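Since the structure is predicted, the reported quantities are computational estimates derived from the model, not experimental observations. Lettering of chains follows the sequences in order, A, B, ..., and the numbering in each one begins at 1.
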Amino acid sequence: MLDLKLIRENSDAVEKALARRNGGFSVKPLVELDAQLRKVQSEWEQLRHRSNEISETFKTGKVPKDQMDTLRQESRELKKRLEEVEPLKNELETRLVELRLGIPNIPEPTVPDGQDETFNLEVHRWGELPRLDNPRAHYELGTELGCFDFQRGVKLAESRFTVLMEAGAKIERALMNFMLDFHSGRGYREVFPPILVNRQCMIGTGQLPKFEGDFYKCADDELYLVPTAEVPVTSLYRDEVLEEEQLPIYHCAYTPNFRREAGAAGKDTRGYIRQHQFNKVELVKFCLPESSPAEHETLTRDAELVLEALGLPYRRVLLCAGDLGFAAQKCYDLEVWFPAQGKYREISSCSNFGDYQARRANLKYRPSDGGKPRFMHTLNGSGVAIGRTLAAILENFQQSDGTVKVPAVLAPYLGGRTLLTPDGLR
RNA sequence: GGAGAGGUGGCUGAGUGGUCGAAAGCGGCUUCCUGCUAAGAAGUUAUCCGGCCAAAAGCUGGAUCGAGGGUUCGAAUCCCUCCCUCUCCGCCA
């Protein structure tokens, strides 16, 4: 959510900044509604004021008998008028909030222009690409090695659900534990949040109300399956005022994630890249406004270190304004190399949200100089997506004999076994 | 799921129709005193929105005692609906 005063007083500048995004967002209707609301609010306040005055005179008990009825009458008339003005005021307020919730964050100045991912800027690359004559796709290789059962996944749920079998399940679990241990050893406090969350959480981080169709919802309970751990973890301190000394706060969290992939028909239909349910370890930071740019860099770096520890070649990309997520003001994607596809694919997305989510979720801190509570800044990034990591390991570390060398850092989580063969892990 | 109790300021907790944005205590902040590891005294201490103001300060209006509605000139207080928490029972990994 953007600052209403900022929109009101700099609507042209805000409009211009938002124009860098796709989607034709305009604050004009919001500015008009705001002016209208303030007019109505002013009348409403005057009515309430007079009404309060009348009550006040009663309170003193010094009202002559003959005036009491007149005042009572006036108050009743005020109330009648209020019954017209108040619903209007409420309606305008509701609409204003709805409009505000529908406005995305403003791209930060260092974010490049551009409408789509072709305008994203590569920041750097890491790792050597594997030399493979005929790299096989992770889904073929993984099925052969008994890691995936795609058909039965569909039988149990529907398309884009997969059963991980034996070595596949074990490596997935090893990755989960490895990433959690990795990050909690680097100052990220581990949390394991609810996977069903209420609507307020989804609004707080920016998923709702704009993207209603993208998420799974429990019909009878007004609860949503989390599309990312970002949602519950960012909401941890919702409606709280923390002390400045408590910041920054770093959390890491594993959750399964659920996405309807509504707009993704035909994309990545084969394989383990795009699932309705997938595992991810997420990093979330809460910090002071002035430190969020630096925190963004270190958070992204922490995600990169996971890929480096695993030995997976990747590149970092700075997203252009048109490719930026709704709530983000700046975002780096980490893309891991998929030899069979011959391209880099997103495996982590690290965003700085500024105070955008903090306004929505009401995340504040009290400055140590004793000033008024202020909105903090929030950041998060995948640290990293586990399913895609498994797929990348299969593709990058496959060998000519059909086996896969599993990264050594996972050995402690696999009973020391790091060679994936058709007969399982050895 | 059943029965009961309850939701008040950063916390504890009083308040059953106006004198209540709210006692008291704790905590926080400021000043004073003293001076040595702690204590005393006084004052101060919620959030949000609007207006005046270039802005801050300040002044001023409005809202907020779980949420929404109702009764009344007037609601933390009375009535209705909903949500949540706690205790006991039941059920259950």
Do A:E43 and A:K89 pass the salt bridge (Lys or Arg N to Asp or Glu O under 4.0 Å) test, and can you show the C-alpha distance, the side-chain angles, and the key distance before you say yes or no? CA-CA 10 Å; A:E43 183 184 356; A:K89 172 178 164 282; over 6 Å; no

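- The separation between A:F58 atom CZ and B:U72 atom P is 13 Å, rounded to whole Å.
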Run the ring pair (Phe, Tyr, Trp, His ring centres under 6.0 Å) check on A:Y332 and A:H296 step by step: do they pass? CA-CA 9 Å; A:Y332 293 116; A:H296 187 210; 4.9 Å; yes

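- In terms of the side chain to side chain donor-acceptor pair (under 3.5 Å) criterion, A:Q329 has no residue partners (sequence neighbours excluded).
- As rounded to the nearest Å, B:U81 and B:G74 have P atoms that lie 23 Å from one another.
- Taking 3.5 Å as the limit, the base of B:G61 and the side chain of A:E45 contain a donor-acceptor pair of atoms between them.
- For the C1' atom pair drawn from B:A22 and B:A75, the interatomic distance equals 14 Å after rounding to whole Å.
- Rounded to whole Å, the distance from CG on A:L78 to C1' on B:G62 is 15 Å.
- Base-pair partner of B:G35: not found among the strands shown (Watson-Crick or G-U wobble, both distances under 3.5 Å).
- Scored by the side chain to side chain donor-acceptor pair (under 3.5 Å) test, A:H377 finds A:S292 as partners (sequence neighbours excluded).
- Distance CD (A:Q67) to P (B:C73): 17 Å, rounded to an integer number of Å.
- Following rounding to the nearest Å, A:N198 (CG) and B:C83 (C1') show an atom-to-atom distance of 12 Å.
- The residue from A:N105, A:D3, A:L4 that alone fulfils the side-chain contact (heavy atoms from CB on, under 4.5 Å) condition with A:R359 is A:D3.
- Scanning for side chain to side chain donor-acceptor pair (under 3.5 Å) contacts around A:R8 gives A:D34, with sequence neighbours left out.
- Considering only side-chain N and O atoms, A:N52 lies under 4.0 angstrom from the phosphate OP1 or OP2 of B:G62.
- Summarising the base pairing, B:A5 is matched to B:U85 through a Watson-Crick or G-U wobble pair whose two defining distances lie under 3.5 Å.
- Identified under the ring pair (Phe, Tyr, Trp, His ring centres under 6.0 Å) test for residues 156-176 of chain A, with sequence neighbours left out: A:F161-A:H276.
- Straight-line distance from the CD atom of A:Q46 to the P atom of B:G61: 13 Å, rounded to whole Å.
- Nucleotides B:G13 and B:U8 place their C1' atoms 9 Å apart, quoted to the nearest Å.
- When the side-chain nitrogen and oxygen atoms of A:H49 are compared with OP1 and OP2 of B:G62, one or more of them lie within a distance under 4.0 Å.
- Side-chain N or O atoms of A:T205 include one that pairs as donor or acceptor with a backbone N or O of A:C201 at under 3.5 Å.
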Dump the intermediate steps for salt bridge (Lys or Arg N to Asp or Glu O under 4.0 Å) on A:R259 and A:D214, then the final yes or no. CA-CA 6 Å; A:R259 299 184 185 176; A:D214 291 359; over 6 Å; no

Report each atom pair, protein N/O against N/O of nucleotides 45-47 of chain B, whose distance is under 3.5 angstrom.
{"from": "B:U47", "atom 1": "OP2", "to": "A:K372", "atom 2": "NZ", "distance (Å)": "3.4"}

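- Listed by first and then second residue, the salt bridge (Lys or Arg N to Asp or Glu O under 4.0 Å) pairs involving residues 69-78 of chain A are A:R50-A:E74, A:D69-A:R72 (not counting sequence neighbours).
- Here, B:U71 and B:C59 have their P atoms 37 Å apart, quoted to the whole Å.
- Separation of the C1' atoms belonging to B:C83 and B:A67 is 7 Å when rounded to the nearest angstrom.
- Comparing the same atom, C1', in B:A76 and in B:C92 gives a spacing of 40 Å after rounding to whole Å.
- In terms of position along RNA chain B, the nucleotide closest to A:Q41 lies nearer the 5' end than the nucleotide closest to the other residue of the pair A:Q41 and A:S51.
- A side-chain contact (heavy atoms from CB on, under 4.5 Å) with A:E83 is found for exactly one of A:R81, A:K79, A:E86, namely A:K79.
- For the pair A:D34 CG and B:C49 C1', the interatomic distance rounds to 11 Å; values are reported in whole Å.
- For the pair A:W44 and A:I54, nearest-nucleotide mapping onto RNA chain B gives the more 5' position to A:W44.
- Aromatic ring centres of A:F286 and A:Y237: separated by under 6.0 Å.
- Sorted by first and then second residue, the side chain to side chain donor-acceptor pair (under 3.5 Å) pairs involving residues 24-33 of chain A (not counting sequence neighbours) are A:E15-A:S26.
- Listed pair A:K5 / B:C48 fails the phosphate criterion, with no side-chain N or O lying under 4.0 Å from OP1 or OP2.
- The distance between atom CG of A:L82 and atom P of B:G74, rounded to the nearest whole Å, is 10 Å.
- Nucleotides B:U77 and B:A3 place their P atoms 26 Å apart, quoted to the nearest Å.
- Comparing B:G74, B:C49, B:G62 by their nearest atom to the side chain of A:S55 picks out B:G74.
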Kindly give the atom pairs (protein nitrogen or oxygen, nucleotide nitrogen or oxygen) under 3.5 Å for nucleotides 51-60 of chain B.
{"from": "B:G51", "atom 1": "OP1", "to": "A:R38", "atom 2": "NH1", "distance (Å)": "2.9"}

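- Base pairing of B:C48: its partner is B:G62, meeting the Watson-Crick or G-U wobble criterion (both donor-acceptor distances under 3.5 Å).
- Checked against the 6.0 Å centroid criterion, the rings of A:F148 and A:Y272 qualify as a close aromatic pair.
- Taking atom C1' in both B:U34 and B:G40, the straight-line distance is 9 Å, to the nearest Å.
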Might you list the N or O atoms of the protein lying below 3.5 Å from N or O atoms in nucleotides 65-70 of chain B, with each pair's distance?
none

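- Rounded to a whole Å, the CD atom of A:E93 is 16 Å from the P atom of B:G62.
- Nucleotide B:A24 forms a Watson-Crick or G-U wobble pair with B:U12, both donor-acceptor distances falling under 3.5 Å.
- Looking at heavy-atom distances under 4.0 Å, A:S75 makes contact with sugar-phosphate atoms alone, never a base.
- Residue pairs meeting the side chain to side chain donor-acceptor pair (under 3.5 Å) criterion with at least one partner in residues 153-170 of chain A, sequence neighbours excluded, are A:T162-A:Q275.
- Near RNA chain B, meaning a heavy atom under 4.0 Å from it, residues 26-33 of chain A has no residue at all.
- With A:E244 contributing its side chain and A:S368 its backbone, the two residues share a donor-acceptor pair below 3.5 Å.
- Base-pair partner of B:U30: B:A42 (Watson-Crick or G-U wobble, both distances under 3.5 Å).
- For A:E308, the side chain to side chain donor-acceptor pair (under 3.5 Å) partners at least two apart in sequence or on another chain are A:R301, A:Y314.
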